[in-house]
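Worksheet: one structure, shown below.
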Amino acid sequence: MSKYLLNKFLFTVDRDPELVERYREEPRATVEWWEGEYANRILGCHDGEASTWLRFDDVEREALAAHDYPRLFELGAHPFLTLTLFIAMFERDHPPLGFQTEYARRLSHMRLPYPDIAT
């Protein structure tokens, strides 16, 4: 499991409006594409620099593909990153602050101590 890679996915997708829409409409295909094409890029470097070993495990991949933000939180994804990305994707489907309320409701089962989000 790699909290770093989960957070990198959330961070990079959230900052690209085209990827936000792609992830909303085709989540499984977007996760598969991103893992193959983007996961090993080193952020802030020229395109020739890359690692080779970063991959999601099956649980992470499924949580991302299912838009399962409660599971992502349980896996240690940073809640700010999940909230901002999923607001960008789903706020339009809810009344004002409706998605934020839904997000809180779906995470209401969580109790302290929360999952460790350190990478």
Side-chain angles (χ1 to χ4, degrees):
M1 182 174 82
S2 172
K3 290 183 277 188
Y4 167 78
L5 194 58
L6 284 177
N7 288 327
K8 183 178 179 180
F9 176 89
L10 299 167
F11 177 85
T12 57
V13 171
D14 190 34
R15 276 139 190 85
D16 183 331
E18 290 178 17
L19 276 179
V20 169
E21 292 307 310
R22 184 175 176 179
Y23 183 44
R24 175 185 160 99
E25 299 300 324
E26 300 177 43
R28 194 166 303 279
T30 303
V31 171
E32 182 179 309
W33 169 84
W34 189 93
E35 186 176 12
E37 298 294 324
Y38 209 98
N40 285 294
R41 290 185 190 177
I42 299 174
L43 300 179
C45 288
H46 58 80
D47 288 338
E49 293 291 326
S51 62
T52 58
W53 60 275
L54 294 171
R55 287 174 182 57
F56 295 122
D57 66 25
D58 292 340
V59 173
E60 294 166 330
R61 196 176 295 109
E62 184 55 33
L64 288 168
H67 292 155
D68 189 350
Y69 51 87
R71 183 70 179 130
L72 292 169
F73 183 76
E74 291 167 3
L75 293 170
H78 197 286
F80 179 78
L81 295 173
T82 58
L83 180 60
T84 58
L85 175 56
F86 286 92
I87 285 173
M89 293 193 317
F90 297 119
E91 182 176 45
R92 67 190 94 162
D93 301 330
H94 294 81
L97 295 177
F99 180 78
Q100 291 85 331
T101 303
E102 177 67 9
Y103 183 93
R105 185 191 66 74
R106 290 200 49 210
L107 290 173
S108 66
H109 67 284
M110 299 299 295
R111 298 288 179 257
L112 292 173
Y114 293 140
D116 181 11
I117 59 172
T119 56

Practice task
Check the pair L19 / T12 against side-chain contact (heavy atoms from CB on, under 4.5 Å), numbers first and verdict last.
Solution key: CA-CA 9 Å; L19 276 179; T12 57; 5.6 Å; no
Exercise for the section: Kindly determine whether E35 and F9 satisfy side-chain contact (heavy atoms from CB on, under 4.5 Å), including the steps that lead there. Expected result: CA-CA 8 Å; E35 186 176 12; F9 176 89; over 6 Å; no
Practice task
Any chance you could lay out the side-chain contact (heavy atoms from CB on, under 4.5 Å) test for R28 and V31, step after step, and finish with the verdict?
Solution key: CA-CA 5 Å; R28 194 166 303 279; V31 171; 6.0 Å; no
Exercise for the section: Tell me, with the steps shown, if W34 and L5 meet side-chain contact (heavy atoms from CB on, under 4.5 Å). Expected result: CA-CA 11 Å; W34 189 93; L5 194 58; 3.7 Å; yes
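Contact annotation: the side chain of E91 approaches that of Q100 to within less than 4.5 Å [non-hydrogen atoms, C-beta and beyond]. Taking 4.5 Å as the limit, some side-chain heavy atom of T82 sits within range of a side-chain heavy atom of F86. With a 4.5 Å cut-off on side-chain heavy atoms, F80 and I117 do not count as touching.
The two residues E102 and Y69 come nearest to each other via the heavy atoms CG-OH, 3.8 Å. Of all non-hydrogen atoms in F90 and R24, the two that sit nearest each other are CD2-NH1, 3.5 Å. Nearest heavy atoms, L10 versus A77: CD1-CB, 3.9 Å. Closest heavy-atom contact between P27 and A65: CB-O, 3.3 Å. P70 approaches L107 most closely through the heavy-atom pair CA-CD2, 3.4 Å. The nearest pair of heavy atoms linking P17 to R15 is CD-O, 3.9 Å.
By the salt bridge (Lys or Arg N to Asp or Glu O under 4.0 Å) test, E74 is found to be paired with R71, residues two or more places apart in sequence or in another chain being considered. The side-chain hydrogen bond (donor to acceptor under 3.5 Å, both in side chains) search around E32 returns none, not counting sequence neighbours. Checked against side-chain hydrogen bond (donor to acceptor under 3.5 Å, both in side chains), R111 has no partners two or more places apart in sequence or in another chain.
Here E21 pairs with R92 in a salt bridge; the nearest charged N to carboxylate O distance falls below 4.0 Å. The pair D116-K3 counts as a salt bridge, with a side-chain nitrogen and a carboxylate oxygen less than 4.0 angstrom apart.
The aromatic rings of Y103 and F99 sit tilted, their planes meeting at an angle between 30° and 60°. Ring orientation note: the planes of Y23 and H67 are nearly perpendicular, at an angle over 60° on the 30°/60° scale.
Note: the hydrophobic cluster containing F56 also contains W33 (ILVMFWY, side chain heavy atoms under 4.5 Å, direct or indirect links). Residues L81 and V20 fall within the same hydrophobic cluster, defined by Ile, Leu, Val, Met, Phe, Trp and Tyr side chains chained together at heavy-atom separations under 4.5 Å.
Interatomic distance, L85 CG to L64 CG, rounded to the nearest 0.5 Å: 9.5 Å. In this structure, I87 CD1 and D14 CG are separated by 9.0 Å, a value rounded to the nearest 0.5 Å.
Under the 3.5 Å distance criterion, the side-chain polar atoms of R22 are left unmatched by any main-chain donor or acceptor of T30. Judged purely by atom type and a 3.5 angstrom limit, E60 uses its side chain to pair as donor or acceptor with the backbone of S2.
Between Y114 and F73, a ring centre-to-centre spacing shorter than 6.0 Å is recorded.
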